[in-house]
Each structure stands twice: as C-alpha cells, then as structure tokens.
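Below you'll find the structure, written out as structure tokens, and then a few comments.
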2 protein chains.
Amino acid sequence: MNRTAVPSCDAAKLPRYAEIRRELEHAILSGRWPPGRRVPSEHDLVAWYGCARMTVNKALSELAAAGLIVRHRRAGSFVAVPANDQSILEIHDIEAEARSDGKAYRFELLGRALRKATRADAARLGVKPGAPVLALASVHFVDGAPFAAEDRLINLDAVPRARDIDFTTRTPGGWLLAQIPWSRARHRISAINADAAMARALRIARGAACLVVSRETWQQEVPITQVDLSHSGESHHLVAHFSPAGRRRDGSGKHRQP
Amino acid sequence: MNRTAVPSCDAAKLPRYAEIRRELEHAILSGRWPPGRRVPSEHDLVAWYGCARMTVNKALSELAAAGLIVRHRRAGSFVAVPANDQSILEIHDIEAEARSDGKAYRFELLGRALRKATRADAARLGVKPGAPVLALASVHFVDGAPFAAEDRLINLDAVPRARDIDFTTRTPGGWLLAQIPWSRARHRISAINADAAMARALRIARGAACLVVSRETWQQEVPITQVDLSHSGESHHLVAHFSPAGRRRDGSGKHRQP
DNA sequence: GAGTGGTCTAGACCACTGA
DNA sequence: CAGTGGTCTAGACCACTCA
C-alpha cells in the first residue's frame, strides 16, 4: 500500500526489507536496544511498517543470520548478547576459555595512563592527535603462567565512562565488550621475536617467537579500542573455520560469470 | 501440494528450501556443475520441484549469499568461480597480491614425494595411514626475495589427477583451487622460531619469528590438502575484518536470550 | 520483446513453548 | 491455550538486459 511512504529518515533506494533491517540494526548497534532486550514481534513490525509479514521476516532473518538477534518460537526475538570478542575468530578467548577448561585465570594491570593521543596513539587507534585516550598495559595469566601480554588504547571520546573504571578488577576487554556493541573489527596477526620487556612479562626467552593479534574495533565507523595481544608462540595458536567465499567483504566483490 | 513428496534421496526433516539448496550445493561441490555452468532458472526449479517460486528463491538466495553461485537479472544464475583461496581470510594471497602490486612472482619446487601416508602424514591430513599422498615442498618468491615456505600434503585418493601434474610450473595451491571446489577449510595460525632449514629457505636468521598458517581443506568432509605456509614474521601479517557474530560456525552456537 | 531475478503481498498451516 | 517464529503458497509488479 504505502509504496511511497516516507522511510523515516534517509531517502534511500533500499528495498523495504533492507530499510527495516537497517532501522533495527541501528537501534541495536547504537545501544538503544541493549542486549537481551526484546525485539518487536513480526506481527508488531507488520503493523508498524504496514507491509507483509514475509517482508519483516526477511529483515529479521538477516539480523538473526548476522548474529545481532536470536529468535525463538513463542518466546520472541531478542537482541543477542554480544558474542565473546575473541571467539569470533575462534581465537582462544583467554578468560572464558580458561574458566571453561576449569583452569585458573588471573589478570594483572601493569600500567594505566590517561593522555592526549600522541602521534603514535592516533595512528594506532585512528583518532586525531590530542584526542583523549586511555592506555592500559596488562598480562593475562592462565593456571599461574603468563598467557598473553595486552597493550590497549581506548578512545575516551567514544567511551567516556572508561575514564573512571577500575581495571585492576575487570579486564578492559571484558568491560568494553559488555558496554559497547561493536559493529566492525579488524585483526592483524603477525609474529615477532620477544623483546626484553615482553620476555619478562610472558616469562619466556628473549627472542622467542610471539604471536601478536592486533585488533581495532569500531562502532559505526567510530574507533573504540585498539589492542595488541601478544602470546607465546609455542603455547598458542589461532583457529578459524571457513566456507567458500564466506561473507562478502567490503573490497572483495570479485564475482563474475562468463 | 506435494507435502509428502519423496525428497529424491535422504529422508530428511529438512524444510523444502533447505532440501533444494542441498541438492544444488551437492551438484556444485561435487564438481558435477563446474564453475561457470548455468544453474536452472527459478522457473525451471519451480517446475522441477513443484513448489512456489519463493521457496526456490530462498534456496538460491542462500547459495548466492554463501558465494556458491552468482545471479544476474535476465542473464540467470551461474556456478561461481571458486574464490581465491587465501583471500578468504584476506590473507595476502602470495601470487595474486604480488602480481596485482606489479611485483615479480616466482615459485620454486624444492621437493616432491609420492608415498603411502606415514603416521605423521595421516595425522596432518586426516587420512588413514597408508593412503596415497603427495608431499610437496616449495618456496614462493616476491621480487626475488623468499616470501613464504610451503609444505603441502595432497590426498591422492581425493585428487588422483595430482599425481601426474608438473608442479614446477604450476603452484599446487593454484592448481588445486582451480580443480577442486572446497567446502570447508580450517586455518591454524601460530608463531615459531625459524629452524635451520626454514632460515635457509626464507633467507632469514635462525631463530627469527615466523608466522605459520596451517590450512586444511575439505570437500564434503573428504580431506583434500593440508599446507603449512611459513612467512618471515617481519615481512608479513594477516588481516581479517569481522562483523559481530559473523557466520555461525559448527561448534560455536553460543546464543542465549534471557 | 521476453526471460530473468528482486521484491512484495495477503493469506495459510505448522511446531514449539510459556502461561 | 494462545502467541511466536518457520515455512510455504500462488499469485503480482518491476528492473534489468540480452537477443
């Protein structure tokens, strides 16, 4: 009926279902609908948008496929609790993995600095030099042994509350994850030889191979945090499963047909 | 109408669209429908399966989302050409990346062995000891400098043609990719200190940190190949982009709602 | 022009499960 | 029981593009 209805905001050429998906997505990623919050039922959305149920179903199905919501018959749809950060890549999630294996987990904050972003900070985090950042250095221990060294920057313009959090009791990663739903992350994985400081922190030999996972996280194009996690190479590896083509990524639309 | 129609083979409880998707998927992954081959139109499939167009549309849409087919109005649907192996993880694809950067690429086969799988081979590749395997060792050069050392096993029961291929002119990865559409891959990423042989192959110092990407590839649960790619740590890193939850993976259905 | 996919409709039945 | 999502139907109009 309302083919020409005004689409609430941006006059897009999006199909109806994509428009609906975008609006819900925004409500979720902006934090307006927190994890666990109930999403309106298909029936409600049909009434709200004035379209057929299959249309809202397609929008909701895509959100479910993207992992933003979970759906259950009779119970309804709910904003998903953010997946555990590292498990996305099926990277060993330090704390959760350790605890689920019945191992002891401990976290030690080595340093905390509140500062205006240096040029190096700005490059790492993707903010402008001078922007307020929180720098944290810490070590994760599993069963008493150092497991990973963490070096993190947090964009305080995006997460001002972080300024007042006591990160000696909560891991920055865990806190951020619970606070900020992220919409995009980039991992860079590399190998380095441990320098003196890292060797000391991880209690390994100088020069031992370390696996470094650098992660930048964004919420709607705003940088949230950047973290370097360095693991002793011999005690750690990352695992990832894939199917052909996976998700289409931004710059990789390489489809062709003859 | 034919709610009870016989589903061609396995008496599954799958919904109709999933059944259709599975059949098409099998035709593609088995190689029966080679890349570029035209997929029957929605109209044809509606006639064939005797269901509504939306149902086959859902099956085809999922295949397109999974990257197995590409679809174009008027032109029809086609089996996708297999995506470039490594670009899946946005790993630097050695040859393609080098060439697209205008750099020289060269490949050198160091060793080739046809043998019955040893116990170690069997564990690496996931076949039974004694199964025929082809072992290949090689080095990839970019701009004249060694870029990665490759150590590969190929399951000859799955890819008998590999026995007769001259891998001094074609890279095993490139050949396999063109031959065998894969349905699943697992990457293991770790860091090691270069041993003497690797230091020699990559022309780096003994003990230098190396990034090792181990990849196992399956076609419908049949192991195809296993490869260890070792890169000099300082010259290489992997990059991966993610959105929340990404694709649901086999063992990671950790969704919960309150 | 005609065939294709992209989207949408206005219904329908069913399975599941919380109240 | 009643509400929810999962699936399906039998149509429809449109945009695109090849012949």
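Each chain gets a letter, A, B and so on, in the order its sequence line appears, and its residues count up from 1. Computation of the quantities below employed the complete heavy-atom set of this structure, encompassing side-chain atoms and omitting hydrogens, waters and symmetry-equivalent molecules. Computed from a predicted model, the values in this text were never measured in an experiment.
Rounded to an integer number of Å, the gap from CD of E42(B) to C1' of dG6(C) is 8 Å. dT7(D) atom C1' lies 13 Å from atom CD of E19(B), rounded to whole Å. Taking atom NZ of residue K58(B) and atom C1' of nucleotide dT9(D), one finds them 14 Å apart after rounding to whole Å. When the P atom of dC14(C) is taken as reference, atom NE2 of H72(A) falls 24 Å away, rounded to whole Å. Rounded to an integer number of Å, the gap from CE of M54(B) to C1' of dA12(C) is 14 Å. Rounded to an integer number of Å, the gap from CZ of R16(B) to C1' of dC14(C) is 16 Å. Per the geometry, CD belonging to E62(B) stands 9 Å off P belonging to dT7(D), to the nearest Å. Protein atom NE2 of H43(A) is 11 Å distant from nucleotide atom C1' of dT4(D), rounded to whole Å.
Within the 4.0 Å cut-off from OP1 or OP2 of dG5(D), at least one side-chain nitrogen or oxygen of S77(A) is found. Put simply, Y17(B) has no side-chain N or O that comes within less than 4.0 Å of OP1 or OP2 on dC8(D).
Residue R74(B) places its side chain closer to dG3(C) than to any other of dG6(D), dG3(C), dT9(D). Nearest to the side-chain atoms of T55(B) among the listed nucleotides dC8(C), dC8(D), dT4(D) stands dC8(D). Listed nucleotides dC16(D), dT7(C), dC16(C) differ in distance to R73(B); the shortest reach to its side chain belongs to dC16(D). Picking from dC8(D), dT7(C), dT4(C) the nucleotide with the shortest atom distance to the side chain of R38(B) gives dT4(C).
Side chain of D143(A) to backbone of K103(A): no donor-acceptor contact under 3.5 angstrom is found. Side-chain N or O atoms of R16(A) include one that pairs as donor or acceptor with a backbone N or O of Y49(A) at under 3.5 Å.
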request  = Apply side-chain contact (heavy atoms from CB on, under 4.5 Å) to L24(B) and I20(B), showing your working.
outcome  = CA-CA 6 Å; L24(B) 301 179; I20(B) 296 171; 4.1 Å; yes
task = Tell me, with the steps shown, if R22(B) and E62(B) meet salt bridge (charged side-chain N to carboxylate O under 4.0 Å, His left out).
result = CA-CA 10 Å; R22(B) 260 180 48 90; E62(B) 290 192 358; over 6 Å; no
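Judged by distance alone, with hydrogens and angles left aside, R53(B) brings a side-chain donor or acceptor within reach of the base of dG5(C), the pair sitting under 3.5 Å.
Where A52(A) and L60(B) meet DNA chain C, the nucleotide closest to each residue was compared, and L60(B) sits on the side nearer the 5' end.
Taking the charged nitrogens against the carboxylate oxygens, R188(A) and E216(A) do have a contact shorter than 4.0 Å, which makes a salt bridge.
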